Amino acid sequence: MSKPLAHDLFTLIKSLTKTEKRLFKLYAARHAIGGKNKYVQLFDAIDRQKQYDERALLAQNPSLRPLDLRSMKPYLYDLVLRCLRDSLRDRSAASRIRYQLEKCEILIHKGLYAQASRQLARIERIAEDEGHLLILLTILDYEQSLKVRAAETNTLERQTELYGRQIAALDLLRQNIEYYHLFMRTYYLHVNATRPLSNADREGALSVQRSPLLHDDASPLTSYGQMMVYEVQMRLCEIMGDRIGALKYARKKVTFMNSTPGYSERHLYEYVYAVASLVTYNLLFYLYAEAEELLKTLKSMEITSPRLRVELGICRYHCELSYLRHSGQFDRAMQLVPEIATFIDKHRDEIEITTVLDFHVVFLDLAIKHGDSANARHWLGELVSNRDLYRFSRFVDNVKLLTVIVYFEARDFDALESAVLSVYRYLRKKELLFGFENILLQFLRKLPGIAGAAALQEELRQLYTELEAVHDTPEGVRRNFQFDYMTWLESKIRNLPFVDVLTANIGRWRQEKHEILRKAGVEIVEHNAPPRTRKHARAAIDTPGSAGDAVQQGR
């Protein structure tokens with residue numbers, strides 16, 4: 001057995017749950033000879049190891065001979081998979097249909113064509129109802145092979161009928177594949193698009209938007225296709241900066257999946273992410289009631305698949321952390337970070353790299369808000385040392401700018417001066433040096449020359465005014481900033497903790513978002529929190545005080 005295959009056996013065994021290991025031993029007992037089973041012995045020996053080491057395995061188990069291992073390891077690997085196949089065959093409709101299809105193959109092989117025909121007719125209906133088109137094509141193919149087995153079905157009319165059903169199934173399958181390809185185009189555009197959108201990215205989004213699959217009244221023909229329409233439209237809205245549109249399509253997708261009997265169970269992976277997406281968009285508009293109900297849905301789910309348990313865990317953590325941040329519960333959010341970080345480290349190979357990067361950026365954001373310089377430097381180091389970071393411009397741009405914020409907060413002005421120059425060169429090279437970034441970096445570059453707290457106070461107010469003027473313009477600021485630079489600057493001017501200013505502003509932001517939704521005709525099912533108007537925030541910034549003293553003294 002090759003080294004890669006030996007490693008595969010090790011990782012397969014390590015992936016098993018306690019229940020699955022117990023089931024395997026019962027399954028393997030059928031292969032015991034003379035009361036002994038070397039396969040179970042080898043299974044246990046490998047399971048005890050933390051890393052696969054064949055020399056140690058042989059030394060600790062003298063009854064296992066080197067020559068025996070060559071044949072035992074591949075057989076054990078196959079035996080474990082056969083056990084899992086048998087134990088999992090009733091877990092989903094697809095596995096149950098495939099199991100019934102295997103029985104049909106046996107009946108055909110034994111020449112029991114009438115029995116096989118009745119079995120095929122029964123599972124064909126199940127496959128159609130469940131939308132398993134590939135399996136349906138296999139069933140129809142078997143039915144065609146039976147046309148010569150019985151006089152009543154050995155007719156051209158019967159063959160023509162089966163042919164028509166095969167073509168119809170192929171058409172549905174083809175359309176599903178086209179919808180999936182449309183989704184993947186949108187997905188990669190969403191992940192890699194620059195902010196603001198480059199001409200190429202904008203044209204890519206418009207190209208997807210023009211697809212007949214999204215506008216043809218005859219499409220989609222399947223529930224899967226309809227689900228993909230909502231997903232693609234939601235992501236297109238996000239790419240184009242239309243968060244209200246994204247919220248609407250996220251709601252449509254979840255409503256559709258809930259209203260289609262059995263659909264959320266059959267497409268559990270998509271359902272988990274649909275619910276998580278809807279939580280995210282609810283929180284962007286401070287719609288706490290709906291977000292809380294959706295969180296309850298995620299927490300009530302019970303999933304047996306190890307892979308889906310990881311996906312569900314990530315979605316739960318993402319939604320819970322987002323809820324705590326958007327509702328101003330920053331202390332609880334910080335307490336949750338170590339638990340999430342441990343989960344991510346444990347399942348790193350099973351989690352998409354963009355998801356890992358997203359979480360690490362959020363951890364960095366939270367540390368800065370709490371004024372925790374040590375944690376901020378830690379998460380900044382995790383991001384910068386991740387080689388995959390530089391594959392995704394949206395992360396690099398954010399992290400580059402957050403680097404200067406971390407050094408500013410830590411009062412490390414030597415490192416800050418170097419970082420500002422590095423970020424300036426990077427953004428200019430990438431043609432991403434827009435109004436907002438340029439103004440911020442110019443201020444940080446002249447920071448060492450600002451003498452006295454009063455002068456710094458005035459410079460900070462001037463910086464706020466300049467940034468506010470360009471903040472909402474398309475050419476002034478990228479839309480995907482996760483860090484709230486304006487509130488951070490407000491906290492510096494008022495000499496208050498960042499989290500205190502954020503918490504005080506949430507009521508105002510919530511009212512403003514809800515007013516936007518009302519004007520767009522979007523349903524809101526909860527009351528607003530007491531507002532804090534922009535006028536009040538502006539007045540607080542314009543009021544002289546001791547703001548900036550701590551920064552100046554630190555320098």
Side-chain angles (χ1 to χ4, degrees), residues 77-184 212-213 216 218-229 231 257 260-271 305 307-308:
Y77 183 84
D78 184 65
L79 195 63
V80 172
L81 288 177
R82 277 190 281 154
C83 171
L84 290 174
R85 181 197 64 186
D86 288 352
S87 63
L88 296 175
R89 69 187 179 199
D90 295 329
R91 298 278 182 91
S92 69
S95 59
R96 289 194 296 272
I97 295 170
R98 281 191 287 266
Y99 177 62
Q100 294 298 325
L101 195 55
E102 288 177 2
K103 293 199 293 187
C104 290
E105 291 175 352
I106 294 170
L107 292 172
I108 293 171
H109 180 71
K110 299 297 290 182
L112 303 173
Y113 305 124
Q115 293 183 39
S117 182
R118 289 193 294 271
Q119 290 268 19
L120 287 168
R122 184 165 59 249
I123 61 175
E124 180 188 339
R125 289 193 296 272
I126 299 172
E128 284 180 331
D129 293 341
E130 298 287 338
H132 295 296
L133 297 174
L134 279 173
I135 301 176
L136 177 60
L137 283 169
T138 303
I139 294 169
L140 291 172
D141 184 59
Y142 275 121
E143 289 192 84
Q144 272 209 326
S145 71
L146 289 175
K147 66 180 183 296
V148 297
R149 310 299 185 184
E152 62 271 17
T153 59
N154 188 13
T155 65
L156 178 59
E157 289 76 15
R158 170 63 172 167
Q159 196 281 331
T160 302
E161 177 202 349
L162 290 171
Y163 167 77
R165 285 156 62 188
Q166 284 177 313
I167 293 299
L170 278 171
D171 287 342
L172 294 176
L173 183 61
R174 180 184 178 85
Q175 192 188 77
N176 280 358
I177 292 170
E178 289 175 345
Y179 272 114
Y180 185 75
H181 179 61
L182 196 65
F183 159 68
M184 293 308 297
L213 289 168
D216 187 352
S219 300
L221 298 172
T222 65
S223 296
Y224 176 83
Q226 185 62 66
M227 180 182 69
M228 285 291 104
V229 167
E231 177 69 22
M257 297 185 81
T260 306
Y263 200 74
S264 59
E265 290 81 6
R266 295 198 301 272
H267 298 275
L268 194 55
Y269 178 90
E270 289 84 0
Y271 185 65
S305 164
R307 179 184 67 84
L308 284 182

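This one's a predicted model, so the numbers in the text were calculated from it and none came from an experiment.
Taking CD from E178 and CZ from R174, the interatomic distance works out to 5.0 Å, rounded to the nearest 0.5 Å. Annotation: the span from T222 atom OG1 to N176 atom CG amounts to 3.5 Å, rounded to 0.5 Å. Interatomic distance, CG of L136 versus CD of E130, reported as 12.0 Å (0.5 Å rounding). Going from atom OH of Y142 over to atom CD of E105 covers 3.0 Å, rounded to the nearest 0.5 Å. Distance check, rounded to the nearest 0.5 Å: CZ of R98 to CG of L134 gives 9.5 Å. Between atom CG of residue L137 and atom CD1 of residue I167 there is a gap of 9.5 Å, rounded to the nearest 0.5 Å.
The minimum heavy-atom distance linking Y224 with H267 is given by the pair CD1-CE1, 4.2 Å. Contact detail for M228 and F183: the closest heavy-atom pair is SD-CB, 3.7 Å. Of all heavy-atom pairs between L221 and Q175, the closest is N-OE1, 2.8 Å. Closest of all the heavy-atom pairs between S223 and T260 is OG-CG2, 4.3 Å.
No side-chain heavy atom of Q100 sits less than 4.5 Å from a side-chain heavy atom of I97. Looking at Y179 and Q226, their side chains never come closer than 4.5 Å, going by heavy atoms from C-beta outward. Put simply, the side chain of L308 reaches to within 4.5 Å of the side chain of L268, judged on heavy atoms. At least one side-chain heavy atom of I139 sits less than 4.5 Å from a side-chain heavy atom of L101. Contact of the E270 side chain with the E231 side chain is not registered, since no non-hydrogen atoms from C-beta on lie closer than 4.5 Å.
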Going through the distances and angles, do Q115 and R118 end up as a side chain to side chain donor-acceptor pair (under 3.5 Å)? CA-CA 5 Å; Q115 293 183 39; R118 289 193 294 271; 5.4 Å; no
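The existence of a salt bridge linking E128 and R125 is excluded, since no basic side-chain nitrogen approaches an acidic carboxylate oxygen closer than 4.0 Å. With respect to R82 and D78, a salt bridge is recorded, a charged nitrogen being found less than 4.0 Å from a carboxylate O.
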